[in-house]
Number of protein chains: 2
Amino acid sequence: MQTLGCLSLGSRFKRLSDKMYKDVASIYQEQDIDLHPSFFPLFNLLLTKGPLTVTQAAALLNVTHPAISKIAHKMQAEKLLFKASDPSDERRFFLTLDEKAFQLQQAIAPILVEMRKYLDSIIDSQQFPILKALTEFERAYDERGLINPVLNALANHIDPDSLSIEHWHSDLKADFYRLNAAWLNKYFNGLFNDLDRQALETPESYYLARGGYIWFAKLEQKIVGCIALANHDHGRYEISKMGVDEQYQGRGIGRKLMLIALQKARQLHANSLYLETSSLLPRALTLYQHMGFSQVEHPKGVSDYQRSDIYMELKI
Amino acid sequence: MQTLGCLSLGSRFKRLSDKMYKDVASIYQEQDIDLHPSFFPLFNLLLTKGPLTVTQAAALLNVTHPAISKIAHKMQAEKLLFKASDPSDERRFFLTLDEKAFQLQQAIAPILVEMRKYLDSIIDSQQFPILKALTEFERAYDERGLINPVLNALANHIDPDSLSIEHWHSDLKADFYRLNAAWLNKYFNGLFNDLDRQALETPESYYLARGGYIWFAKLEQKIVGCIALANHDHGRYEISKMGVDEQYQGRGIGRKLMLIALQKARQLHANSLYLETSSLLPRALTLYQHMGFSQVEHPKGVSDYQRSDIYMELKI
DNA sequence: GTTATTTATGTAACCAGTTACGTAATTGGT
DNA sequence: ACCAATTACGTAACTGGTTACATAAATAAC
């Protein structure tokens, strides 16, 4: 625990939250308030915000809609809630608290008052203000996240001296072919199509001459990875032909190449970036997601590449 | 959210903890570390503390032993862990990390380093120190709890002027009978035994003359509740004959009576308090638990009261 | 105005925890 | 030294959430 320090923050938050939920349930129980603990997030929400649809409630409570759906069912069975249909949209209806719920509220109100008073008294008596600290931490965490900063730090931290990024040079043409042939062979039985062949055999005309770029990752004089940025029409760029030598994978080299390509795309005032990939490559998929890409339908309906079943886009 | 203030602390803790767990899982995934998220609390624990038994691990992680049992099974299936039998106790065995786990640790170590650095950098840049605030809040919460302070505040807050506690007076003898007959009739078909009859018909000799006490709760000139403290042998006291008028239940009157009785018992240097009750009275049971009573076996094996199936004790 | 897409909800199967209970080994009381 | 109580662990059934998928209504696209 001590040695973990800030790493145990997550489990400390969990422990406190569990305990507080249990305690509140216990207080309600002794006061003979017949409100199942799993009900009160929704119950509270509807009290404060008025009738809401299932998806609205789910979004506000940070849970999925089936969870709300189930709870609403149970609350309906206990006559705490009814569904008021929305005449303007027959799919949905408003979860509306019933008479019995308002009676319960009467019983609960003084408890909430006392709970607030007591918690405020604890908080006020402390040297370090938990509410302010929490708000500040939440904001920082939401703004900066955890995933990308840590992964970037990892990528930078690996061989900071020996890993360098190289621009295209005709001497590296064979490496470009080799690195891409490797994954095409491994995952797709070497199923090159015409586009692949053009790109790999004549990268100068396929990429560079059209305003595209190719970069290489060089680790101690060895070329271990590459990536290409293709210039399509009207500010649309495509990222493709990313490959990292198998024995150097998982060290953030792909991530570093992606960051270079993204940086250049921004410099070129690209307005969107896309890429095509496959569900057979889950690692790459996670990387793209962390970079902000999200999966959308293929704009042409079907890909030029038979292997590709995922189309991802990043609006800049 | 805003109006709830400190009341939403629980859900804010939950949200943060969920998010951090997911993010860590996501980082491991991109780094191609094959460690299921549900494994890592136990994994981490065993790394830092060395081999542990199932119950030890459960206690340290604040989960139940079946949870550890299941996770250990799965980790065993993935060859991350094996069970080393304890020669001195054939029931148990030490959950021991396997070779493969230590290889994983090598891969994870740099991630932990970067995570710690990054989180520390966030925390250090903040105006209000989250770690100190959290530690302080955890301590206050663990020491004072939430349940009893809030329930006591509620009890005090209800009619603080009109509710008073009265000592025994022969005029109140009929009330003592009435209040107890009410619940005996309601829950146990008026099944009085000889002891009940003595206690209710001759409370002076049954309680007071033996060094016991009887108190009444008086609400606006009406007697609405009572409790008795019986003096048994060698510092053992019994709490019994607690009754609150049905229409005034759920307002903390029972709790107030209990607190009076407990206070007196302490004053008398009682070393233990016990009471007998029934699983038919869940509300009362919760109250006793909140007061610190815990269920134990009946010392005589069987109760003098047919209705009683629960024996509870509080060591002072 | 028809057809495709998106949105709101429900249902099923699953998952990680829980409580309740059973069994076997150890400890303790007389 | 024995029998009762306790402890360590496992298993079963349940719970509150999840993801994946189905359906119907509303909206958008042509």
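Order of the sequence lines fixes the chain letters, A, B, ..., with proteins taken first and strands second; residue numbering starts at 1 for each chain.
For B:Asp18 and C:dA16, the CG to P distance is 14 Å, given to the nearest whole Å. Distance NE2 (A:His65) to P (D:dT23): 15 Å, rounded to an integer number of Å. One can place NE2 of B:His73 at 19 Å from P of D:dA8, the figure rounded to the nearest angstrom. Between the CD atom of B:Glu90 and the C1' atom of D:dT6 there is a distance of 18 Å, given to the nearest Å.
Within 4.0 Å of B:Lys74, counting heavy atoms only, lie sugar-phosphate atoms of the nucleic acid but no base atom. Note on B:Thr55: only backbone sugar-phosphate atoms sit closer than 4.0 angstrom, heavy atoms only; bases stay farther off. Residue contacts shown for B:Lys14 are absent, as no nucleic acid heavy atom lies under 4.0 Å away. Using a 4.0 Å heavy-atom cutoff across all strands shown, A:Lys83 reaches sugar-phosphate atoms only and no base atom.
Residue pairs meeting the side chain to side chain donor-acceptor pair (under 3.5 Å) criterion with at least one partner in residues 69-83 of chain B, sequence neighbours excluded, do not occur; the list is empty.
In this structure B:Arg139 satisfies the side-chain hydrogen bond (donor to acceptor under 3.5 Å, both in side chains) test with no other residue, sequence neighbours excluded.
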Dump the pairs, protein N or O against N or O of nucleotides 12-14 of chain D, anything under 3.5 Å, distances to one decimal.
none

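Checked against A:Tyr274 for a ring pair (Phe, Tyr, Trp, His ring centres under 6.0 Å), the options A:Phe293, A:Tyr237, A:Tyr311, A:Tyr288 give a single hit: A:Tyr311.
Taking the centre of each ring, B:Phe40 and B:Tyr28 come in below the 6.0 Å mark.
Ion pairing between a basic and an acidic side chain is recognised when a charged N comes within 4.0 Å of a carboxylate O; A:Lys19 and B:Asp142 show such pairing. Here A:Glu30 pairs with B:Arg255 in a salt bridge; the nearest charged N to carboxylate O distance falls below 4.0 Å.
Evaluation of atom-type donor-acceptor distances gives a pair under 3.5 Å for the side chain of A:Arg91 against the base of C:dT7.
Taking only side-chain nitrogens and oxygens, A:Ser69 comes nearer than 4.0 Å to OP1 or OP2 of C:dG10. OP1 or OP2 of C:dT18 lies within a sub-4.0 Å distance of a side-chain N or O belonging to B:Thr64.
For the residue pair A:Thr135/B:Arg12, the side-chain donor-acceptor check at 3.5 Å is satisfied.
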